[in-house]
Structure formats: C-alpha cells, structure tokens
**Student:** 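Just dropping this structure here.
Proteins get letters first, then strands, A, B, ... in listed order; numbering begins at 1 in each.
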2 protein chains.
Amino acid sequence: MAMKNNTKFAILGILSIAPGSGYDIKKYCDTVIANVWHENYGHIYPVLTSLLAEGVIRRQEEEQEEGSRRKIYEITQKGREEFITWLGEPAGYAPVRSEFMLKFLFSSSLPRENILQMISEYRVRHQRKYDELVQTQKDLEADYFIISADRKQYLKAALRFGIISSEAAIKWCGEAAGIFENK
Amino acid sequence: MAMKNNTKFAILGILSIAPGSGYDIKKYCDTVIANVWHENYGHIYPVLTSLLAEGVIRRQEEEQEEGSRRKIYEITQKGREEFITWLGEPAGYAPVRSEFMLKFLFSSSLPRENILQMISEYRVRHQRKYDELVQTQKDLEADYFIISADRKQYLKAALRFGIISSEAAIKWCGEAAGIFENK
DNA sequence: GTATCCATGTAACCAGTTACATGATTGC
DNA sequence: GCAATCATGTAACTGGTTACATGGATAC
C-alpha cells in the first residue's frame, strides 16, 4: 500500500479549490495545510509539468497581466474525475518512523539528565506547535481569513487534528519524564 | 533538517542490544518496535554491507554452527561511539504528510455518507492498533517476553506512545464524525 | 541600497520500496 | 507432500530532498 503519487493529488486538491501557480501551491502547503501536508519546490515544479502533459491540469492563459512571470494552472475535467476517484480509494498509510522514538528507545546508555533533556526538548517542540495551532484556530474563528464556510469547516477539523496530536505528545512527555525523575 | 541515514542508526541501536542477522533486525522491527519504527529487507541488507565497510559493525564468526546461512553481526567500538554521538544530537523531524488528512481536507465534493465512511474506516484502523498495543502491554507486564527490566521500561514507554497516539486519533474521529452527522 | 519576498526552474542525489530470485528447514 | 517460516540478496525504480542558479518587485 504505502504512499505513491501523493504530490499529484495534493496539487489537484489545491487547484480544485482555486487556480494558482507553483508558488501559490507551495504557500498554501506552508500556511493553510502545513499542519497535515508538506511539499518542496523541487518537486512541485516537475510534477506540474508532468500533470500538464497528462492533461489533468491546464495553463490559464487569460487574465494575466503583461510581463508577469506567474504561470497560473487550473484543474481540467479529466483532473477532477481522477481526483474524485482517488478520494474514493482508502487512504494508504506510511509506516511509522519516529526518529525521536528511535533515539529514546535506545537511549539507556545516556545519563539520566540527557534523557530528561531529550524528552523536554520534544515537549517544548510540541507545546510550541500546540500554541501556534490554537492561535490559527482563533484567527480562523475570527474570520481573519477569507474562505467559504464549507472550507472553514474542513480547515477547523484539520487544526483540531494537529491540536489533539500535540496534546497527546505532550501527555506522553509528562509520563515519560515521570519514569526518569523518580529514580 | 529532515531525516537521513536513519537506517544506519536503527541497525546500530538494535545491534547494541544484542548481535543478530539482517533477518533478526527485520523481525525486531516488525515485532518489538513496529509501533515506532519500520525497515525493509531491501534496505537492511545493503546498509549492513556498507556498515561493515565503514567498520561500525563486524561479522561474529565464532560460535556459528556449520552450514548455517545466518550472518551474525555485532556492533564495534567505533559503532558504539558513533551511535552515542547520534543519540546526543537533537532528533530531526519528518514534515507531516498524512494521506488520510489530505483526502479529508479536500473531500467536500464527496457525499456526506462517504466522508463519514472515510472517518469510520480511519477510526477502526486506530481502534485495532489500540487494542493490539494494549494486548502487547499486558504480555509485557506478564513477563511473557524475556528482556531486562531496563529494556522493558523503554518498551513500555514506547507502547504508551502508540496507545496515547491511537487514543488521540480515535478522539479526533469522534469529533469529526460529529460535524457531518448533525447536518 | 539592501533585505525580503515573489517566482521558476534544474541537476545531482539519496533513502527507501517493490519485485524478483533462490533455496533450506520445519511443522502439519 | 505442502505451506510457512527462515534466510540472504540484487536490480530497477520512484518519490522526494538539497543545492544551485537566476532575477524582478517591494518595503524600509
């Protein structure tokens, strides 16, 4: 199962909301959905080229001001169809590979304080992420961003996903630190 | 930051507990630490070869019964040193890429029942994982496996990590389903 | 006038996956 | 006698990362 061709569908999904450039797609990933998805320029641009060749996206030539370097793409009918098909398929899952947990698992040769330090850093990272997400949630609630009520609902749910996950990580840190503190 | 060379350190970590073959390493990944780590044969064997060339592991020639195909490796002093250094470095984190959340985010064009179905499948998957981990925890508690008290402590903590994460996912599913049920 | 953001791309690289190949041993 | 497990490996592939290159526009 694993994961393949996800960048294709991430791009189709983003373009299904609104047409945009490679740069726009990257920005969308880094802001709106950073919480659950990630892409690089080095992958977006070549994939855009291949999606164009496949005919699932097309250049939106109209309404471009002269001299603009921006290349705006929009999803085609074929693209929408393939996207809907993909949506209907069960999500593949990537096998877990947590570098932090790998380190933690084999950290018995480290002094107690170092292990506590490791856990503390991990907690701080998740606490920061948590705070960030809560802030974004407030901004979203306060209609700081201009999006449809429908879209907002999905983004809110995705934010909750991140918040709940961060809470879980923080909870684990508390438990794990407890083991090493009382010895 | 991202993640590089993790297989090297996963192998060194596993061999730091006890010498073993490529097959043993794979089995260890699939059972004991499946919860937080994953490896393929197609990667383990070539990496073992390169680790041998680097001198961080060595063949344990002694005590092998005749005609055995098993190749037992053990970590060298150099390997232990590199492993300790790696342990001391802060863990890199892989940017989140949840195929499920990607689908969910853009699923607004799907009928309500399909979205509920998606969420339900996701919940079932995590519930199953949760049940499995709780069972493993019981087996571990009942000294079903032969491991040192020290090792047990780390494995228990890693199990808790999986259990807490599954609980979080299940919690999210409850919330998300709620959004679509009451409309 | 300089830093930051906008904007697009390529090339080299690498980690990891999948599929294939082979064969011995053990348990039923 | 057959299936499952033990056991090791290679080759082709692919998805994604990193580094490099370039240059215009905007803000301070």
**Student:** Expressed as a whole number of angstroms, how long is the span from B/Asn6:CG to D/dG16:P?
**Tutor:** 17 Å
**Student:** What nucleotide, of C/dG9, D/dG24, D/dT8, holds the atom closest to the side chain of A/Arg69?
**Tutor:** D/dG24
**Student:** From the list C/dG9, C/dG23, C/dT8, which nucleotide is the closest neighbour of the side chain of A/Arg70?
**Tutor:** C/dT8
**Student:** Going by number, which of residues 14-24 of chain A have a non-hydrogen atom under 4.0 Å from DNA chain C?
**Tutor:** A/Ser21, A/Gly22, A/Tyr23
**Student:** Remember a base hit wins even if backbone is also touched, and classify B/Thr49 as base, sugar-phosphate or nothing at under 4.0 Å, heavy atoms.
**Tutor:** nothing
**Student:** Select one nucleotide: of D/dC6, D/dG15, C/dT10, the one nearest the side-chain heavy atoms of B/Lys27.
**Tutor:** D/dC6
**Student:** When you compare the side chain of A/Lys78 with that of A/Arg58, does any pair of heavy atoms fall below 4.5 Å?
**Tutor:** no
**Student:** To the side chain of B/Lys71, which of C/dT8, D/dG15, D/dT8 is closest?
**Tutor:** D/dT8
**Student:** Looking at A/Phe83 and A/Ser16, what are the two nearest heavy atoms and their distance?
**Tutor:** CE2-OG, 4.4 Å
**Student:** Specify the separation, in whole Å, of atom CD1 of A/Ile25 and atom C1' of C/dT8.
**Tutor:** 12 Å
**Student:** When you check the phosphate oxygens OP1 and OP2 of C/dA15, does a side-chain N or O of B/Thr7 lie under 4.0 Å from one of them?
**Tutor:** no
**Student:** Would you indicate which nucleotide in C/dT10, D/dT10, C/dA15 comes nearest to any side-chain atom of B/Tyr45?
**Tutor:** D/dT10
**Student:** Do A/Glu175 and B/Ile164 have side-chain heavy atoms sitting under 4.5 Å apart?
**Tutor:** yes
**Student:** In whole Å, I'd like the distance from the CG atom of A/Leu51 to the C1' atom of D/dG15.
**Tutor:** 14 Å
